[in-house]
Protein chains: 2
Amino acid sequence: MTEPIRHSWTDIRDRIHARLLDRTYRPGDKLPRDEDIAQDLGCARSTVQRAMRDLADAGLVERKRKGGTTVRADPVTRATLDVPITRAEVEALGSVYGYHLLLRDLAVTPPAIAATLALRKPVEMLHVEALHLADQRPYILEDRWISLETSPEILGVDLAVESANEWLVRNKPYSRCDLRLYAIEANARTALQLDTPVGAALLVIERTTWINEAPITTVRSVTKPGYQMLTQI
Amino acid sequence: MTEPIRHSWTDIRDRIHARLLDRTYRPGDKLPRDEDIAQDLGCARSTVQRAMRDLADAGLVERKRKGGTTVRADPVTRATLDVPITRAEVEALGSVYGYHLLLRDLAVTPPAIAATLALRKPVEMLHVEALHLADQRPYILEDRWISLETSPEILGVDLAVESANEWLVRNKPYSRCDLRLYAIEANARTALQLDTPVGAALLVIERTTWINEAPITTVRSVTKPGYQMLTQI
DNA sequence: ATTACTATTATGTAGCTACATATAAAAGTC
DNA sequence: GACTTTTATATGTAGCTACATAATAGTAAT
């Protein structure tokens, strides 16, 4: 009697992945149907389904009902990016976290911000500028606008003590988040605040969060020179 | 008799997510066990399991056997980054793709590259420099090293016609990929090739791929000024 | 040939059961 | 009290069935 070995779906996934790597299945090829693979590998179809779902999520194969599974001809490099709370990021580096509030002002959104937030007309929001420090040295400079429609409570928060970054992440869950990454040259003001030469190339992480079509906040985080963003494996 | 409505796991996920958003469940809180939520929402535990798995993957909750499910106190912003083949990226923008091979040379890996690839000692690899164009204008400048151990066939490819980017993506699937993003100032050579002023801030996408601990290639892609990297929703 | 309809088929998913596994909590031991 | 062992329990997962859904392929009508 055959012993009923139970294969984990990750094993099955890895074995199918191995066939992609050794080109048993080549780009553009159609894979056997789940049921046949299941029989071949000695597991249930549901296990193959889970494995295939994962490979499809990773961008390696494409699946279509009735159409079957095909190996992607133009695979994309798909990576997961984690942006933690800045304090946690600094502490994970083994550095001492510090924080300075530079500006806290009620102001009407300038056109660029209004556009980012998809506002019909400019509105008054809380404008905050703050500097995050690692071991006393500038780490990230954030320029943030916070909607008073969705976060009126922010007015009661002492932003000199608790950063808007932390307060919002902890208190304002979002339903949607846009991230964009780009490079800028340090202007005189930024250079002074980040203690870097004017013209230095800096990585910027821009993040906008929404709750049900209503904007919560948009931040432009200018990182210190040499900052690198890494992806999870 | 109660009609047997079948709730999709995405619905269940969204309903639990809504409870995170409206703070029925607050950061640090322990959620009811899957079975109770299932009863509450009128579905099977397996459906809740799938929904919870997704919420955990998104970084919103943490699950532990016996420990139950808790709302993450410090949620991370987790986003998915897609890096397509450059040709596909340019064409998706509605631009005409162009490509120029600038350099193709066998050379011994300089220390920085050897370190990136975790080589014990420098080895000879194929060094390629190429420029990707969008509508005749410089788009991405790539500086690439290709291992002859894992990709000896690359020597037979006419890189003046087919870019190493495309050939490798299509022919050399990888088991691991490191991505790092940072900003640099254009030096004289880069500035000339990308047709940009010296000192311009440029976003760099560095990517290294491996197959079973053996490096395949490492690329430093210097993007044109103003290039932005966006995440999937 | 073109269109409209129908049948077929591969994946997608919900629900069930059974068992595995990690671990928090309780009980026992020194 | 500190440590170890046991027990209870919530999540994790494999396998099964049944049905839903999309899309292709085939058939019939025009």
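Throughout, protein chains are lettered first and strands after them, A, B, ... in sequence-line order, and every chain is numbered starting at 1.
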Can you tell me the distance, in whole Å, between the [atom1] atom of [X] and the [atom2] atom of [N]?
X: A:D11; N: D:dG12; atom1: CG; atom2: C1'; answer: 14 Å
X: B:M52; N: D:dT13; atom1: CE; atom2: P; answer: 15 Å
X: A:D54; N: C:dT11; atom1: CG; atom2: C1'; answer: 16 Å
X: A:R53; N: D:dT13; atom1: CZ; atom2: P; answer: 17 Å
X: B:E62; N: D:dG12; atom1: CD; atom2: P; answer: 12 Å
X: A:L55; N: C:dT11; atom1: CG; atom2: P; answer: 13 Å
X: A:D34; N: C:dT13; atom1: CG; atom2: P; answer: 12 Å
X: B:R63; N: C:dT21; atom1: CZ; atom2: P; answer: 18 Å

| query | Stepwise, does the side-chain contact (heavy atoms from CB on, under 4.5 Å) test hold for B:I154 with B:W167? | reply | CA-CA 8 Å; B:I154 193 73; B:W167 189 89; 3.5 Å; yes

Give a yes/no on whether any side-chain N or O of [X] is located under 4.0 angstrom from OP1 or OP2 of [N].
X: A:R33; N: C:dA10; answer: yes
X: A:T69; N: C:dA10; answer: no
X: A:R45; N: C:dT11; answer: no
X: B:Q49; N: D:dT11; answer: no
X: B:K64; N: D:dA10; answer: no
X: A:R65; N: D:dT24; answer: no

Do [X] and [Y] have a side chain donor and acceptor closer than 3.5 Å?
X: B:S95; Y: B:D135; answer: yes
X: A:R33; Y: A:Q39; answer: no
X: A:R207; Y: A:S221; answer: no

| query | Counting side-chain heavy atoms from CB outward, which of C:dG12, D:dA14, D:dG15 is closest to A:S46? | reply |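 Between C:dG12, D:dA14, D:dG15, the one nearest the side chain of A:S46 would be D:dG15.
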
| Minimum-distance nucleotide to A:R50 side chain [options: C:dA14, C:dG12, D:dA14] |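 Among the listed nucleotides, the one closest to the side chain of A:R50 is D:dA14.
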
| said: Quick check on DNA chain D: between A:K66 and A:C43, whose nearest nucleotide comes earlier from the 5' end? | reply: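 Residue closer to the 5' terminus by nearest nucleotide: A:C43.
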
| message | Under 4.0 Å, heavy atoms only, any strand: does B:G68 hit a base, just the sugar-phosphate, or nothing? | response |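 Sugar-phosphate, backbone atoms only, no base.
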
| request: Please work out if A:T47 contacts a base, only the sugar-phosphate, or nothing of the nucleic acid, heavy-atom cut-off 4.0 Å. | output: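 Answer is sugar-phosphate: A:T47 comes under 4.0 Å of backbone atoms only.
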
| message | Name the residue from B:Y139, B:Y99, B:Y227 that meets the ring-ring contact (aromatic ring centres under 6.0 Å, His included) definition with B:H132. | response |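 Only match with B:H132 under ring-ring contact (aromatic ring centres under 6.0 Å, His included): B:Y99.
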
